[in-house]
Amino acid sequence: MTNNNNYNNTNAYRLVLATNDGTYYFSPEQIVRMESSSNYTNIYFTDRKPILASKVLKEFEEALLPFGFLRTHRSHLVNRRYITRIANDGNIVMEDLSKAELSRRRKSEVLKMLRKTFLINQN
């Protein structure tokens with residue numbers, strides 16, 4: 001997998017997913033969030049139905065962190081470009097209105113990264 005430290009430049013990178021239907025290639029910007037389910041990961045997209053991948057979330061985390069993804073909980077990895085708000089209940093609300101949990105242990109780190117992203121995008 002190609003590693004790129006600029007999460008805004010995702011044109012060259014493609015995530016490869018082999019499924020029963022065939023092999024899919026996705027750019028990180030097409031992915032809204034990922035949620036673990038035991039040794040599988042549900043991948044939610046901007047423009048298609050979710051796909052269940054037979055990889056653990058940790059593998060996706062290592063590949064996607066350079067592209068603006070945040071690990072918000074042991075079972076959630078989100079694309080920060082699709083975060084709309086942090087709800088009063090502590091969950092992260094995405095543009096597609098789905099929610100991802102924000103663990104107490106990761107909360108300050110995630111909020112710090114979101115503030116940094118917000119400041120960078122304002123310039």
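Computation of the quantities below employed the complete heavy-atom set of this structure, encompassing side-chain atoms and omitting hydrogens, waters and symmetry-equivalent molecules.
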Legend entry - Evaluation steps, side chain to side chain contact (heavy atoms under 4.5 Å, CB included), between Met94 and Ile92: CA-CA 6 Å; Met94 307 302 288; Ile92 295 175; 3.8 Å; yes
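Remark: Tyr44 pairs with no residue by the ring-ring contact (aromatic ring centres under 6.0 Å, His included) rule, at least two apart or across chains. Applying the side chain to side chain contact (heavy atoms under 4.5 Å, CB included) criterion to Ala18, with sequence neighbours excluded, gives Thr23. Tyr40 is linked by a ring-ring contact (aromatic ring centres under 6.0 Å, His included) to nothing, counting only residues two or more places apart in sequence or in another chain. Taking the side-chain hydrogen bond (donor to acceptor under 3.5 Å, both in side chains) definition, one finds that Ser54 meets it with nothing, sequence neighbours left out. By the side chain to side chain contact (heavy atoms under 4.5 Å, CB included) test, Arg85 pairs with Ala87, Val93, sequence neighbours left out. Asp21 pairs by the salt bridge (charged side-chain N to carboxylate O under 4.0 Å, His left out) definition with nothing, not counting sequence neighbours. Partners of Glu61 according to the salt bridge (charged side-chain N to carboxylate O under 4.0 Å, His left out) rule, which considers only residues two or more places apart in sequence or in another chain, are Arg71. Annotation: salt bridge (charged side-chain N to carboxylate O under 4.0 Å, His left out) contacts of Lys99 (sequence neighbours excluded): Asp89. Qualifying side chain to side chain contact (heavy atoms under 4.5 Å, CB included) partners for Glu101, counting only residues two or more places apart in sequence or in other chains: His73, Ser75, His76, Asn91. For Asp96, the side-chain hydrogen bond (donor to acceptor under 3.5 Å, both in side chains) criterion is met by Ser98, not counting sequence neighbours. Every residue meeting the side chain to side chain contact (heavy atoms under 4.5 Å, CB included) condition with Asp47, not counting sequence neighbours, appears here in chain and number order: Gln30, Phe45.
Residues Ile43 and Phe60 form a side-chain contact, since some pair of their non-hydrogen atoms from C-beta on lies under 4.5 Å apart. Within the 4.5 Å cutoff, side-chain heavy atoms of Ile83 are placed close to those of Arg80. Between Leu111 and Ile86 there is a side-chain heavy-atom pair separated by less than 4.5 Å.
Atom CD of Glu95 has more than 12 heavy atoms from other residues, nucleotides or ligands within 6.0 Å. No more than 12 heavy atoms of other residues, nucleotides or ligands sit less than 6.0 Å from atom CZ of Arg74.
When all heavy atoms of Pro28 and Asn79 are compared, the closest pair comes out as O-ND2, 3.2 Å.
For Phe26 and Tyr24, the ring centers sit closer than 6.0 Å to each other.
Put simply, the side chain of Ser36 never gets that close to the backbone of Thr41: no donor and acceptor are under 3.5 Å apart.
The only member of Asn42, Val78, Leu64 that meets side-chain contact (heavy atoms from CB on, under 4.5 Å) when paired with Met34 is Leu64.
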